[in-house]
There are 2 protein chains.
Amino acid sequence: MKVFKRRLGQYVSIDDDAWVTFDELERQEHCFLPGDDLITAGDETRRVFILNEGWAIRYRLLEDGRRQIVNFMLPGDVFDLQSLADLKADHSVTAITHCKAAVIPSGIFVEMLKKSAWLASAFWWSAVQEESILREQIVRIGRRSARERIGHLLLELHRRFIGATGIEVEKLTVPLTRADIADALGLTPVHVSRTMSAMRRSGLISEGRGGEITILDRDRLARLSLFDMEYLHLKKLDLLKKNGVRHFRETSSRINAD
Amino acid sequence: MKVFKRRLGQYVSIDDDAWVTFDELERQEHCFLPGDDLITAGDETRRVFILNEGWAIRYRLLEDGRRQIVNFMLPGDVFDLQSLADLKADHSVTAITHCKAAVIPSGIFVEMLKKSAWLASAFWWSAVQEESILREQIVRIGRRSARERIGHLLLELHRRFIGATGIEVEKLTVPLTRADIADALGLTPVHVSRTMSAMRRSGLISEGRGGEITILDRDRLARLSLFDMEYLHLKKLDLLKKNGVRHFRETSSRINAD
DNA sequence: CGCCCCGTTGAGGAGAGTCAATGGCTGTGG
DNA sequence: CCACAGCCATTGACTCTCCTCAACGGGGCG
């Protein structure tokens with residue numbers, strides 16, 4: 001539960017009481033193996049996941065077998081808040097590494113929100129960030145070249161990983177095959193392979209064994225990928241001090257859990 | 001305000017009291033001309049828009065001028081609920097036709113939510129639908145051919161238009177230039193033009209003057225575009241009758257506005 | 001050892017992009 | 001009322017990014 005705490009702590013300063021609620025969750029932790037579905041397309045179960053360990057992908061399959069990975073779930077990510085309202089999932093979520101996740105029936109989840117306005121804010125914030133990531137994914141696929149897409153994705157994953165773990169890693173271990181990257185970026189595995197080889201040759205990245213990727217020249221890669229450092233909204237909301245923001249705190253907390 | 005009523009009414013059955021709240025909103029209606037910004041990238045203003053008339057686009061510009069349209073806003077759409085939490089907008093929303101929209105400061109908006117749990121559910125539902133549209137947009141540009149993308153977008157816009165107005169129009173008047181369609185679908189205007197010409201030749205669509213588009217063979221177009229009729233979640237939630245759903249109503253309303 | 005999955009590389013092809021010219025429509029001003 | 005400018009759709013010719021098909025090779029695992 002540690003990862004989760006530091007993730008949410010980035011958005012809002014959560015009071016001590018709220019942490020008690022989390023301890024209940026630790027008992028609900030499930031394990032998933034690579035390939036296991038957390039959510040299956042067509043599912044109607046209403047539950048919220050908090051990913052504590054491992055990576056997962058959210059994807060959709062077309063009838064003819066084409067796959068599009070919509071986004072990646074890293075430790076600390078919360079999903080599907082939308083399942084609280086949805087009739088049935090239009091996509092699947094599958095573990096791509098060994099995963100640990102708290103699985104919370106929506107009823108219990110909502111109880112949690114009611115207990116703590118802070119918590120509700122944090123989850124709201126988390127949903128906003130996820131939407132922002134979706135929008136960025138649209139821009140990435142729609143208007144960027146293959147090299148830009150890959151560079152941009154690597155930078156995003158790197159930043160999100162640091163945000164989740166708090167460890168300023170140099171080497172990011174990316175548990176993705178070329179096919180995964182291709183399906184996320186609207187490319188083919190062959191072309192991803194070629195493009196990444198070229199990126200290695202030009203000294204942008206280097207790869208070790210087991211998916212270890214090092215971003216050698218972050219600034220150059222960011223420039224080449226037109227990476228906007230702001231969209232992840234990683235800045236901490238200091239709700240207590242800023243005046244203009246205080247109003248938001250009072251209100252939007254209530255939206256979620258007064 | 002009529003459009004808006006029928007839009008929200010699709011998701012939940014709103015009680016009469018809530019409608020009183022809407023009357024307040026009618027006084028807040030603003031007009032926008034084509035090209036006017038409703039939200040400008042970098043904006044920090046916290047307010048929610050309810051579009052009553054006209055079309056708008058949400059887009060992001062890269063530094064070198066490339067533009068990606070993230071999604072379209074049609075009458076009845078509500079945005080940005082996320083601005084309640086966001087620090088500043090990472091994208092712009094611009095009117096592409098003459099538009100009328102209620103502009104609600106977030107404080108007032110939240111007051112509304114508190115007055116009616118029904119309303120809160122409806123807005124939550126609306127946000128879920130928007131996210132679903134974003135995911136579908138990702139699949140569309142990531143894994144579909146030019147013809148599939150265009151066909152799929154036309155079907156989506158057609159369905160959303162009917163959902164918004166309730167009018168089962170045959171001819172949809174699409175106020176989009178080839179450049180707009182291209183920037184939405186990750187293509188170039190030239191190729192959009194070519195592809196749509198081909199679609200006209202093969203009898204899938206026809207175009208009249210002023211952007212009037214008729215979908216001649218909806219089933220064939222849906223098959224060719226791999227259009228999934230379900231993702232828009234247009235089905236009405238009958239919260240009062242279904243048992244499994246009733247729990248949701250009690251809970252998720254409270255998330256938003258107890 | 002041998003299988004399978006994965007990454008890589010090559011050759012050739014196709015879909016989409018680029019550049020450029022044309023023509024229609026609209027709005028404006030002489 | 002007509003001339004002209006500006007915007008947009010279209011079409012042609014050519015280019016290039018990315019895809020397809022295919023072969024090869026390495027590492028993990030039974």
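Here is the naming used below: chain letters follow the sequence lines, and residue numbers restart at 1 for every chain.
Near DNA chain C, meaning a heavy atom under 4.0 Å from it, residues 171-185 of chain B has no residue at all. Against DNA chain D, the stretch residues 206-215 of chain B makes no heavy-atom approach under 4.0 Å.
By the ring-ring contact (aromatic ring centres under 6.0 Å, His included) test, B:F79 is found to be paired with B:F49, residues two or more places apart in sequence or in another chain being considered. Shown here are the ring-ring contact (aromatic ring centres under 6.0 Å, His included) partners of B:F72, two or more places apart in sequence or in another chain: there are none.
A:S193 has no side-chain polar atom (N or O) that falls below the 4.0 Å cut-off from OP1 or OP2 of C:dT9. At C:dT8, one or more side-chain N or O atoms of A:R200 fall inside 4.0 Å of OP1 or OP2 (strictly under the cut-off).
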Expected rows: protein N/O vs nucleotides 12-18 of chain D N/O, under 3.5 Å:
| unit_1 | atom_1 | unit_2 | atom_2 | d |
| --- | --- | --- | --- | --- |
| D:dG12 | N7 | B:R194 | NH1 | 3.1 |
| D:dG12 | O6 | B:R194 | NH2 | 3.2 |
| D:dA13 | N6 | B:R194 | NH2 | 2.9 |
| D:dC18 | OP1 | A:A146 | N | 3.0 |

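Among the candidates A:V48, A:L38, A:I39, the single residue satisfying the side chain to side chain contact (heavy atoms under 4.5 Å, CB included) test with A:D80 is A:I39. Only one option out of B:K100, B:H30, B:E29 pairs with B:N52 in a side chain to side chain donor-acceptor pair (under 3.5 Å); it is B:E29.
To the nearest angstrom, C1' of C:dT18 lies 15 Å from CZ of B:R66.
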>> Would A:R140 and A:E136 count as a salt bridge (charged side-chain N to carboxylate O under 4.0 Å, His left out) here? Give the steps.
In response: CA-CA 6 Å; A:R140 184 157 52 207; A:E136 198 60 35; over 6 Å; no
>> Show, in sequence, the C-alpha distance, side-chain angles and deciding distance for A:E131 and B:R58, and conclude whether the salt bridge (charged side-chain N to carboxylate O under 4.0 Å, His left out) test is met.
In response: CA-CA 13 Å; A:E131 247 203 66; B:R58 185 198 301 269; 5.6 Å; no
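One finds the CG atom of A:L172 at 7.0 Å from the CD1 atom of A:I215 (value rounded to the nearest 0.5 Å). Between atom CD1 of residue A:I96 and atom CH2 of residue A:W55 there is a gap of 6.5 Å, rounded to the nearest 0.5 Å.
The rotation axes computed at either terminus of the helix from C:dC1-D:dG30 to C:dG30-D:dC1 lie 30° apart, taking five pairs at each end and rounding to 10 degrees.
Residues B:R143 and A:D183 share a closest heavy-atom pair of NH2-OD1, 2.7 Å.
Annotation: of the two residues near DNA chain C, A:R143 and A:R201, the 5′-most nearest-nucleotide partner is A:R201.
Side-chain atoms of B:I133 and B:R160, non-hydrogen and from C-beta on, do get closer than 4.5 Å to each other.
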